[in-house]
Amino acid sequence: MEWAIGVDLGGTKMQFAAIDRQGRIGHRHRVPTNAKAGPQQVMDRMLEGIGRMMAAVGPGESVVGIGIGSAGQIDWRNGEVVYAGDTLPGWTGTPIRRLAEERFGKRTHVDNDVNAAAVAEKLYGAGRECDSFVCLTLGTGIGGAVFEGGRLVRGAYGGAGELGHVPVDFNGPRCGCGNNGCIELYASGPGIARLGLEALEAADARDRPAWEPTAGDIVRAWLAGDAAAARVMDTALRALGAAVAGYIHAFNPQAVVIGGGVPEAAGPAFLEALNREVRSRTTPGMSGACRIRAASLGADAGVVGAGALVWDCGESRQEHWR
Ligand SMILES: [Zn+2]
C-alpha cells in the first residue's frame with residue numbers, strides 16, 4: 001500500500017491526512033495553527049504533524065511523498081512562500097519544501113491551498129470530466145483556481161487564479177489588496193455579513209429584521225423567506241453573478257465549480273439563483289457550454305488535494321524536481 005501525506009495549512013487549523021491513489025483518507029489528524037505564535041512555531045507544528053502521519057502508516061506500507069497546501073501565494077517550483085498576509089503573520093519567505101525534505105527525506109510538493117483543493121476536485125470530485133474549469137471557494141475570503149487543458153493556470157510567479165480580487169464595482173469599498181469593490185467584499189462570508197450590517201443600519205427601528213449580521217444568520221433567514229435577508233442575498237448573488245460571468249468570458253470553461261462554507265450553508269437554492277444571474281450576463285455561446293456545479297469534496301478537499309499533489313506530479317511538477 002502506498003500513501004501520500006497531505007497537509008492543509010490554513011489560518012486557524014492544520015489538517016493532516018494519509019491518502020491513497022484514489023484520494024481516500026486512511027489516517028487523519030488536525031491541530032490549531034496558532035498562527036500568532038509565528039512562522040517557526042507553525043513550521044514546527046507542521047513537521048510534527050507530518051511525522052505523526054508517517055508513524056501512522058503501517059509496516060510494509062510506504063509513504064511516496066508529501067504534499068502541502070498553504071494559504072498565501074506560493075512559488076510551487078521551489079516550494080517557498082512568496083507572500084502571506086495577516087492570515088499567517090511572518091510566513092512570507094518560509095522555504096517549506098526544503099524544511100520538509102530535510103526532515104523527512106521525502107519528495108515534497110508545495111502549492112497554494114486553493115490550488116490543492118482544486119486538484120482534488122479535478123482528480124476525484126466535481127471537475128473530474130473537465131479539462132477546462134474554474135474553481136471558486138466562498139468562505140472567509142474567496143479563493144479561486146483555473147484549469148486549462150487539464151493543468152492549473154499559474155501565471156509567471158504562481159499567483160494566478162486570485163479570483164476573489166476581481167472587482168465588480170470600481171467605486172466600491174476599499175479591499176485589502178489595494179483595489180476597490182472586489183467580489184470578496186460581497187460574496188464571501190464576511191462580505192455577506194457586511195451587506196447585512198448595511199441593511200440593518202438602513203432599516204427603520206420598527207421593521208428591523210430579526211437576524212444578526214452574520215453570513216450564517218442571513219443565509220438561514222433567506223432560506224426561511226425573510227424579505228430583508230432576500231434583498232441582502234440578492235445583492236450578493238448579483239455581484240457574484242457579474243464576477244462569474246466575467247470568469248466565463250475570460251476562460252470559456254466547461255464548468256464553474258463552487259464550494260466553501262457559504263454555498264454549503266445555502267444549498268441548491270444558492271446555485272440556482274447564481275445560475276439565473278450568470279445566464280442573464282453571458283453570451284449564449286459561452287454560458288450554454290458551461291455548467292455551474294457544487295464542489296463535491298467539502299471540507300476535505302484541501303487536505304486530499306494536498307496529498308494528491310504527490311500523485312499529480314506527472315506534469316511540469318516533475319521537471320522542477322531536482
Ligand atoms: Zn481585493
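Following chains of ILVMFWY side-chain contacts shorter than 4.5 Å, one can reach Y186 starting from V244, so the two form part of one hydrophobic cluster. Hydrophobic clustering (ILVMFWY, side-chain heavy atoms < 4.5 Å, transitive): V146 and L123 are in distinct clusters.
Q22 CD: more than 12 foreign heavy atoms inside a 6.0 Å radius. For D86, the CG atom sits in a loose shell: 12 or fewer heavy atoms of surrounding residues, nucleotides or ligands are nearer than 6.0 Å. Heavy atoms from other residues, nucleotides or ligands lying under 6.0 Å from CD of E102 number more than 12.
Classification of R28 and D300 as a salt-bridged pair holds, one side-chain N sitting under 4.0 Å from a carboxylate O. Here R154 does not pair with D75 in a salt bridge; the nearest charged N to carboxylate O distance is not below 4.0 Å. Between R238 and E277 there is no salt bridge, since no side-chain nitrogen of the basic residue lies less than 4.0 Å from a carboxylate oxygen of the acidic one.
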_salt bridge (Lys or Arg N to Asp or Glu O under 4.0 Å) for R208 and D204? Distances and angles first, verdict last._
CA-CA 6 Å; R208 210 179 139 90; D204 221 285; over 6 Å; no

*Under the salt bridge (Lys or Arg N to Asp or Glu O under 4.0 Å) criterion, do R52 and E48 qualify, and how do the steps go?*
CA-CA 6 Å; R52 195 171 159 148; E48 195 188 314; over 6 Å; no

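Annotation: side chain of C135 is not in contact with side chain of V114 (no heavy-atom distance under 4.5 Å). Residues I192 and V262 have side chains in contact (heavy-atom distance under 4.5 Å, counting atoms from C-beta outward). Side-chain contact between Y124 and V304 is present, with at least one heavy-atom pair separated by less than 4.5 Å. A heavy-atom distance below 4.5 Å is found between the side chains of T108 and V110. Between E101 and K106 the shortest side-chain heavy-atom distance does not fall below 4.5 Å. Side-chain contact between H165 and C175: present, with at least one pair of heavy atoms (C-beta onward) separated by less than 4.5 Å. You'll find the side chain of V42 reaches within 4.5 Å of the side chain of L9, heavy atoms only. In this structure, P253 and I248 have side chains that are in contact, with non-hydrogen atoms separated by less than 4.5 Å.
Aromatic ring pairs are classed by plane angle as parallel below 30°, tilted from 30° to 60° and perpendicular above 60°; the pair F147 and F133 is parallel.
Going from atom CZ of R151 over to atom CG of D312 covers 10.0 Å, rounded to the nearest 0.5 Å. For the atom pair CZ of R291 and CD of Q254, the computed distance is 10.5 Å after rounding to the nearest 0.5 Å. The distance from atom CG of D20 to atom CD of E2, rounded to the nearest 0.5 Å, is 10.5 Å. Taking CZ from R194 and CG from L185, the interatomic distance works out to 5.5 Å, rounded to the nearest 0.5 Å.
Take Q41 and apply the side-chain hydrogen bond (donor to acceptor under 3.5 Å, both in side chains) test, not counting sequence neighbours, and it matches no residue.
Here the rule is side chain to side chain contact (heavy atoms under 4.5 Å, CB included) with S70, and of N115, D113, L88, N112 only L88 fits it.
At distances below 3.5 Å, at least one donor-acceptor pair connects side-chain atoms of S296 with backbone N or O atoms of A126.
Scanning both residues, R45 and V31, for their nearest heavy atoms gives NH2-CB, 4.2 Å.
The cationic atom of R220 (NZ for Lys, CZ for Arg) does not lie both less than 6.0 Å from the six-membered ring centre of W211 and within 45° of the ring axis.
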